[in-house]
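Worksheet for the structure shown next.
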Amino acid sequence: TKNNVFSYTSDNIIREGDTLVVFESGDNIKQIVMKRNQTFQNKFGAFPHNDIIDKLQFGTKMYSKTMMGWVYILRPNSHIYTSSLAQRTQILYTPDISQVLFRLELRPGFRVVESGTGSGSLSVSIMKAIVPTGHLFTYEFNQVRSQRAIEDFQRLGFYPQNVHVTHRDVLNNGFLLKDESTGEFLVNENTIDAIFLDLPSPEKAVPHAYKVLKRGGKLCNFSPCIEQVQKAVQEMARQGFYEIKTYETLSKDFSSSHHNYQSFKQQVKPTIVTEENGNKQQDNLGDTNTGNLNKRQLKQKDKGMLVTAPKIESRGHTGFLTFAIKF
Ligand code: SAM
């Protein structure tokens, strides 16, 4: 089985078929797939894939053929993947994704269910958290999106060993899943460690989620509006979930500035001790043991202090994340 592109290889060399990130600037980041005889072109000129495949390492600063400019060619991480993927739907971004991974306590070996797959932004972070032995079962009722997800996960090296993509309406048909060739259950009752829901009318998916979760397994629901949260929470309580908690992830900016304040201690006890000779140069106000400034502190005083304060407004409402545990 192929390693996924997020995990390091000992030589770190870029191979044909690898997805890499071309970093031109902070707001110009692209994903490209390495294919022989193809060329990546930008305003700096041409970057032939043949000059990269089997030759360069992830992390290289690469100059264009004409030497007019350069790009960094990077290994994707989940944040870069999410911020540079081709969006087919609304997606989850890193602030919410990190909450989901952390509060569902995802770890290698976990069996996780997700619906809908959407653009696969969250799916990739889930898979990264549960490899090498874990498995994601993701369900999507839009056939084109489920097919595109399979192609993406294959290209990244997760499919088929770490993920099943199922084309299905989960509100009507639930999450139970059989292997078509053997008839064995892949997703059976009480076998799943964690479930994530991001679809309309999640309250209708909650009973199906309860069925396949293990006792103590965790559910997370993402909903953009509070009315949907209320319905989902009521259904969670009715089914027997406990510790139901809803979070909203907001980003808050902090402004920072330098100030030349004197601390209260410095003002009442301005005694200075030089480190070279240990001699105390004491003025009339201070005592010899407290309030002393050594050389390092004096330097900091000259530079002033870095003061930070939160700005009043918070930004970034995407939705509410509700977590619950199956009793
Ligand atoms: N979390 C995803 C991501 O980070 O890329 C985005 C999910 S997107 C907002 C919601 C997806 O749920 C859509 O692709 C939609 O087709 C799918 N969906 C909606 N209702 C569904 C249902 N009843 N069964 C399965 N999938 C459904």
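Read the numbers this way: they start at 1 and go in the same order the structure lists the ligands and their atoms. Owing to the predicted nature of the structure, the values given are computational and were not obtained by experimental measurement. Any value given below was found using the heavy atoms of this structure, including those in side chains, with hydrogens, waters and symmetry copies removed.
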Do ligand 1 and [X] have nitrogen or oxygen atoms that lie under 3.5 Å from each other?
X	answer
Phe196	no
Val170	yes
Leu199	no
Thr89	no
Asn142	no

**Request:** Using the six-membered ring of Phe323, assess whether NZ or CZ of Lys245 lies under 6.0 Å from its centre and within 45 degrees of the ring axis.
**Result:**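 The answer is no; the distance or angle limit is not met.
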**Prompt:** Do we get Arg75 above Phe6's six-membered ring, with its NZ or CZ under 6.0 Å from the centre and within 45° of the axis?
**Reply:**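 No, cation not above the ring by the 6.0 Å, 45° rule.
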Give a yes or no on whether a salt bridge exists between [X] and [Y], defined as a side-chain N under 4.0 angstrom from a carboxylate O.
X	Y	value
Glu140	Arg168	no
Glu105	Lys218	yes
Lys65	Asp51	yes

**Prompt:** Of all the non-hydrogen atoms in the protein, which one sits nearest to atom 23 (N) of ligand 1, and at what distance?
**Reply:**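 That would be Asp169 OD1, 2.8 Å.
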**For atom 27 (C) of ligand 1, the protein heavy atom that lies nearest, with its residue and separation** =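 Looking only at protein heavy atoms, the one closest to atom 27 (C) of ligand 1 is Phe141 CD2, 3.6 Å.
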Check each atom of ligand 1 against the heavy atoms of [X] and keep those under 4.0 Å away; list them by number with element.
X	result
Ser115	25 (C), 26 (N)
Thr117	2 (C), 3 (C), 5 (O)
Pro200	19 (C), 20 (N)
Ser119	5 (O)

**Asked** Does some side-chain heavy atom of Arg15 sit less than 4.5 Å from a side-chain heavy atom of Ile13?
**Response**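 They are in side-chain contact.
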Table please: side-chain donor-acceptor pairs of residues 201-212 below 3.5 Å, with sequence neighbours left out.
unit_1, atom_1, unit_2, atom_2, d
His208, NE2, Leu171, O, 3.1
Tyr210, OH, Phe327, O, 3.3

**Request:** Run down the list Gln90, His167, Glu114 and name the one with the heavy atom closest to atom 6 (C) of ligand 1.
**Result:**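 Of the listed residues, Gln90 has the closest heavy atom.
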